[in-house]
Number of protein chains: 2
Amino acid sequence: MSRTPHHPTREQIELPMVLDCLSDPIRLAIVYQLAQQERVSSELRCSDFSALSGKSNLAYHFAKLRDCGLMRTRVAGTNRFMRLRREDLEARFPGLLDVVLSSAAKDADRLPLVSGCELVEVDRK
Amino acid sequence: MSRTPHHPTREQIELPMVLDCLSDPIRLAIVYQLAQQERVSSELRCSDFSALSGKSNLAYHFAKLRDCGLMRTRVAGTNRFMRLRREDLEARFPGLLDVVLSSAAKDADRLPLVSGCELVEVDRK
DNA sequence: CCCTATGTTCAATGTTTATTGAACTATCAA
DNA sequence: TTGATAGTTCAATAAACATTGAACATAGGG
């Protein structure tokens, strides 16, 4: 098992892959949730997304989100901490992430986005 | 054969479907080309995209672009005229189309976008 | 050292996707 | 009516995708 998962460089981030990643409701919800908590803590653990799907299915989606450059995974003990690659995304495709996030927010009732009540739960790493 | 192809209403346009549609390089190129010529004429025929793929494959992609609400097809004789549903897209997801188009423009060298020389060809319907 | 918690990897499954060419439909023009 | 033009529909195919559960790996706590 590779110590640190693979991440593309900023320049390797491709528009079609990013759009394809965001087009899956579960992945969109993951990105949305990461963005939501960004002000609280920029990182979330895999288990914080357990409302969205099972563990192995989430691992699959996390890998896709990493591969397309949308998020970065940091290994810390038995936990993996994920965060959005905001700066890289903004450098490659200015405004894209924010527009997609606000579009998702607008349609929050139609998408399987997790309720904002997660904000109550303080992270205690 | 239905006289007029099916189009979703503005409210039926869904974010994941739109992003998925835009994530395919050929469809992104179609949308890009439609946007490019918008100042010349807001409509293009199927055959104007023949550089991107074969006829039947294009018909498949056109159907997807219609189904997700990105473009509208008008039947006129033996021709079909396509145009972007800019207003509807803007109403549903403000800024999304423009950001995707400018992101595509930034990566024009990496994408199979048709060269701008098509602008020379005046439409003579 | 075991036990548990966290997450990944693998194999299997069924679905959707993109692509091709052939057949088809419809319109226009001679 | 004949022929050409413009595009759709269909069937077949191969690849990619999402989902599941089981097996595995790793780290931390008693």
Side-chain angles (χ1 to χ4, degrees), chain A residues 1-7 14 16-31 34 43-68 70-83 111-112 121 123-125, chain B residues 1-7 14 16-31 43-68 71-83 111-112 121 123-125:
Chain A
M1 189 186 297
S2 57
R3 215 69 295 271
T4 300
H6 169 262
H7 296 88
E14 302 277 0
M17 285 187 72
V18 169
L19 295 176
D20 184 51
C21 245
L22 293 170
S23 75
D24 181 278
I26 290 189
R27 289 192 294 262
L28 182 58
I30 292 171
V31 168
L34 278 170
E43 293 180 315
L44 285 178
R45 285 178 314 229
C46 298
S47 59
D48 291 321
F49 303 93
S50 54
L52 295 170
S53 188
K55 288 200 315 180
S56 68
N57 188 228
L58 284 178
Y60 164 76
H61 287 298
F62 291 149
K64 294 217 102 178
L65 286 164
R66 270 196 310 272
D67 289 348
C68 84
L70 269 166
M71 70 178 212
R72 195 176 287 282
T73 301
R74 176 173 69 86
V75 178
T78 150
N79 293 297
R80 266 80 171 164
F81 289 94
M82 337 286 241
R83 67 171 189 281
L111 297 166
E121 190 190 344
D123 74 345
R124 55 269 177 273
K125 53 182 163 180
Chain B
M1 189 186 296
S2 56
R3 215 68 296 273
T4 299
H6 170 261
H7 296 90
E14 303 277 359
M17 284 187 73
V18 169
L19 294 177
D20 184 51
C21 244
L22 293 170
S23 75
D24 180 278
I26 289 187
R27 290 191 294 262
L28 182 58
I30 292 170
V31 169
E43 293 180 317
L44 284 177
R45 284 176 315 222
C46 298
S47 59
D48 291 322
F49 302 93
S50 55
L52 293 171
S53 187
K55 287 200 316 181
S56 68
N57 188 227
L58 284 178
Y60 165 75
H61 287 298
F62 291 148
K64 293 217 103 180
L65 286 163
R66 270 196 310 270
D67 289 348
C68 84
M71 69 178 212
R72 196 175 286 281
T73 301
R74 177 173 68 87
V75 178
T78 151
N79 294 297
R80 268 78 173 166
F81 289 94
M82 337 285 239
R83 66 171 190 279
L111 297 166
E121 190 188 346
D123 75 350
R124 55 268 177 272
K125 55 180 162 184

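Every chain is numbered from 1 and lettered A, B, ... according to where its sequence line falls, protein lines coming before strand lines.
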Exercise for review: Mind checking ring-ring contact (aromatic ring centres under 6.0 Å, His included) for A/Tyr60 and listing every partner two or more places apart, or none if nothing turns up?
Suggested key: none

Just the rounded figure in Å: distance from [atom2] of [N] to [atom1] of [X].
| X | N | atom1 | atom2 | answer |
| --- | --- | --- | --- | --- |
| B/Arg66 | D/dT9 | CZ | P | 7 Å |
| A/Leu52 | C/dG7 | CG | P | 14 Å |
| A/Arg80 | C/dT9 | CZ | C1' | 11 Å |
| B/Phe62 | D/dA6 | CZ | P | 14 Å |
| B/Asp67 | D/dT8 | CG | P | 12 Å |
| A/Asp48 | C/dA5 | CG | C1' | 14 Å |
| A/Phe81 | C/dA5 | CZ | C1' | 13 Å |
| A/Phe49 | C/dT8 | CZ | C1' | 16 Å |

**Study point:** A/Thr78 side-chain proximity, nearest of C/dT8, D/dA6, C/dT6
**Key:** C/dT6

Check [X] against [Y] and note the closest heavy-atom contact, atom names and distance.
| X | Y | answer |
| --- | --- | --- |
| A/Met82 | A/Cys46 | CE-SG, 3.7 Å |
| A/Leu58 | A/Ser53 | CD1-O, 3.6 Å |
| B/Arg27 | B/Asp20 | NH2-O, 3.4 Å |
| A/Met71 | A/His7 | O-CD2, 3.7 Å |
| A/Val18 | A/Leu70 | O-CD1, 4.1 Å |
| B/Leu22 | A/Leu19 | O-CD1, 3.6 Å |

Study note, to complete from the structure: Per-helix bend value, the helix from C/dC1-D/dG30 to C/dA30-D/dT1, C1' rotation axes over five pairs per end, 10° rounding, shows 10°

Exercise for review: Have a look at A/Thr73 and tell me which of A/Arg66, A/His6, A/Arg80 forms a side chain to side chain donor-acceptor pair (under 3.5 Å) with it.
Suggested key: A/Arg66

Check your understanding: Does C/dG7 have OP1 or OP2 sitting under 4.0 Å from an N or O in the side chain of A/Asn79?
Key -> yes

Between the protein and nucleotides 12-14 of chain C, list every N/O to N/O distance that falls short of 3.5 Å.
none

**Study point:** Any residue meeting side chain to side chain donor-acceptor pair (under 3.5 Å) with A/Ser23, in chain and number order, not counting sequence neighbours
**Key:** none

Check your understanding: Which residues satisfy the side chain to side chain donor-acceptor pair (under 3.5 Å) test with A/Asp67, sequence neighbours excluded?
Key -> none

Check your understanding: Can you check whether A/Cys21's main-chain N or O pairs, donor with acceptor, with A/Asp24's side chain at less than 3.5 Å?
Key -> no

Check your understanding: If each of A/Lys55 and B/Lys55 is mapped to the nucleotide of DNA chain C with the nearest heavy atom, which maps nearer the 5' terminus, i.e. the 5' end?
Key -> A/Lys55

Dump every N/O contact between nucleotides 14-21 of chain D and the protein below 3.5 Å, one line per pair.
residue : atom : partner : partner atom : Å
D/dC17  : OP1  : A/Lys64 : NZ           : 3.4
D/dA18  : OP1  : A/Asp24 : OD2          : 3.4
D/dA18  : OP1  : A/Arg27 : NH1          : 3.2
D/dA18  : OP1  : A/Arg27 : NH2          : 3.0
D/dA18  : OP2  : A/Arg27 : NH1          : 3.4
D/dA18  : OP2  : A/Tyr60 : OH           : 2.2
D/dT19  : OP2  : A/Asn57 : OD1          : 3.2
D/dT19  : OP2  : A/His61 : NE2          : 2.8
D/dG21  : N7   : A/Ser56 : OG           : 3.3
D/dG21  : O6   : A/Ser56 : OG           : 3.2

